[in-house]
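As structure tokens, the structure follows; a few thoughts come after it.
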Amino acid sequence: MRGDVIKNPEKSLQTVGRFAPSPTGPLHFGSLVAAVGSYCLARRDQGKWLVRIEDLDRPRVVAGAADLILSTLEELGFEWDEAPVYQSRRMARYEEVLSRLNEGGHIFPCACSRREVLASAPHPGEEGPVYGGTCRQGIPPGRSPRSLRLRVPAGSRLFVDGIFGPVEQCLASAVGDFVLRRADGLFAYQLAVVVDDADSGVNQVVRGADLLHSTPRQIYLYACLGWPVPRYLHLPLALDAAGEKISKRQGEVSRRRHGENGRLLAQALCFLGQAVPPELVRAPPGEILRWGVEHFRLEAVPRENRIAGD
Ligand code: GLU
């Protein structure tokens, strides 16, 4: 059943997958899992695999982290098909897409501060406070625009995730009209990810399950823009011993000792439920990745977030 979901509806279309790390620190085990999963699932279909550096949120970017992530990936045996895309170099394109959304009547300026949104939120949503719609019909007199929001429709929408199965969400009650350009002028992740994936021809998004509930927002953006929606597969998250998502500091993959590359890849594959033969653990990383590409079983990927190393 799960195998059926990801089958490419247009057989002639080559799979294009991607890995999109944020350079807020070195590669950690949680991102390595996303890299391994997206790589194996693209390559097993003879697809392309791209890398995008999500350095949109300038204040959170750590100098040197992007280069470190790329060199770590290289040492682990990953090969990408095109030069990595950097979001920080694509501002003009995001602006262009915002204008298009504006022409279509999809966005509106909002004067509310974070605190005001919190205060006016009808109820807390799964994804933070739900926007109450204060500026939907126009900015109140005397106020100035701060951010730009996308108008979302009422009613639930369903998408089928290749691992988690059907996911239903009502955008209006779960998140409300959401921000595409923030008050500080930065473009929101939700906008950039859709524009970047679409422009790169990505048709298969494999990433951590922390983004499962962002996906309906992204699918709605595709609909507003009239662009084809990719397949989505969300991988279980690697947790630390306290049950929290692994942070950059804890699961750092960059500061590994010589000879550890293969073991790390094998651990990531095992985390994804793949039965890596024990004798392979000492093989060079390229060989382990090749094994992953040839033997990756989607049905074996667990849906539960788990403590890494268990
Ligand atoms: N940049 C995000 C992260 O590092 C991933 C975004 C995505 O894959 O859509 O968690």
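Numbering of residues begins at 1 and proceeds along the displayed sequence. Order of listing sets the numbers, starting from 1, for every ligand and every atom in it.
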(message) Arg52 versus ligand 1: do any nitrogen or oxygen atoms come within less than 3.5 Å of each other?
(response) no

(message) Under a 4.0 angstrom heavy-atom cut-off, which atoms of ligand 1 come close to Glu54?
(response) 1 (N), 2 (C), 5 (C), 6 (C)

(request) Determine the interplanar angle of the Trp49 and Phe78 rings, folded into 0 to 90°, and report it as parallel if under 30°, tilted if 30 to 60°, perpendicular if over 60°. (result) parallel

(request) Give me the ring orientation class for Tyr222 and Trp227: parallel if the planes are under 30° apart, tilted from 30 to 60°, perpendicular past 60°. (result) perpendicular

(request) Mark up the atoms of ligand 1 that fall under 4.0 Å of a heavy atom belonging to Arg18, in ascending order. (result) 7 (C), 8 (O), 9 (O)

(message) Under the side-chain contact (heavy atoms from CB on, under 4.5 Å) test against Val229, which residue among Val194, Ile219, Val205, Asn203 passes?
(response) Ile219

(request) Using a strict cut-off of 4.0 Å, indicate which atoms of ligand 1 neighbour a heavy atom of Val193. (result) 9 (O)

(message) I'd like to check which ligand 1 atoms, numbered from 1 as shown, lie under 4.0 Å from a non-hydrogen atom of Arg207.
(response) 7 (C), 8 (O), 9 (O)

(request) Check each atom of ligand 1 against the heavy atoms of Leu211 and keep those under 4.0 Å away; list them by number with element. (result) 5 (C), 6 (C), 7 (C), 9 (O)

(message) Suppose I only count heavy atoms of Tyr189 and a 4.0 Å limit; which atoms of ligand 1 are within that range?
(response) 6 (C), 7 (C), 9 (O)

(message) Given Asp177, which partner from the list Arg151, Arg136, Arg149 fulfils the side chain to side chain donor-acceptor pair (under 3.5 Å) test?
(response) Arg136

(request) State, to 0.1 Å, how close Ala111 and Ile139 come at their nearest heavy-atom pair, and which atoms those are. (result) CB-CG2, 3.9 Å

(request) Determine whether Val61 and Phe187 fall in the same hydrophobic cluster, where Ile, Leu, Val, Met, Phe, Trp and Tyr are linked whenever their side-chain heavy atoms lie under 4.5 Å apart. (result) no

(request) May I ask you to check whether Ala20 has an N/O atom sitting below 3.5 Å from an N/O atom of ligand 1? (result) yes

(request) Could you tell me if any non-hydrogen atom of Ser31 lies under 4.0 Å from any atom of ligand 1? (result) no

(message) Do Leu235 and Val51 sit in one hydrophobic cluster, given that two such residues count as connected whenever their side-chain heavy atoms are within less than 4.5 Å of each other, even indirectly?
(response) yes

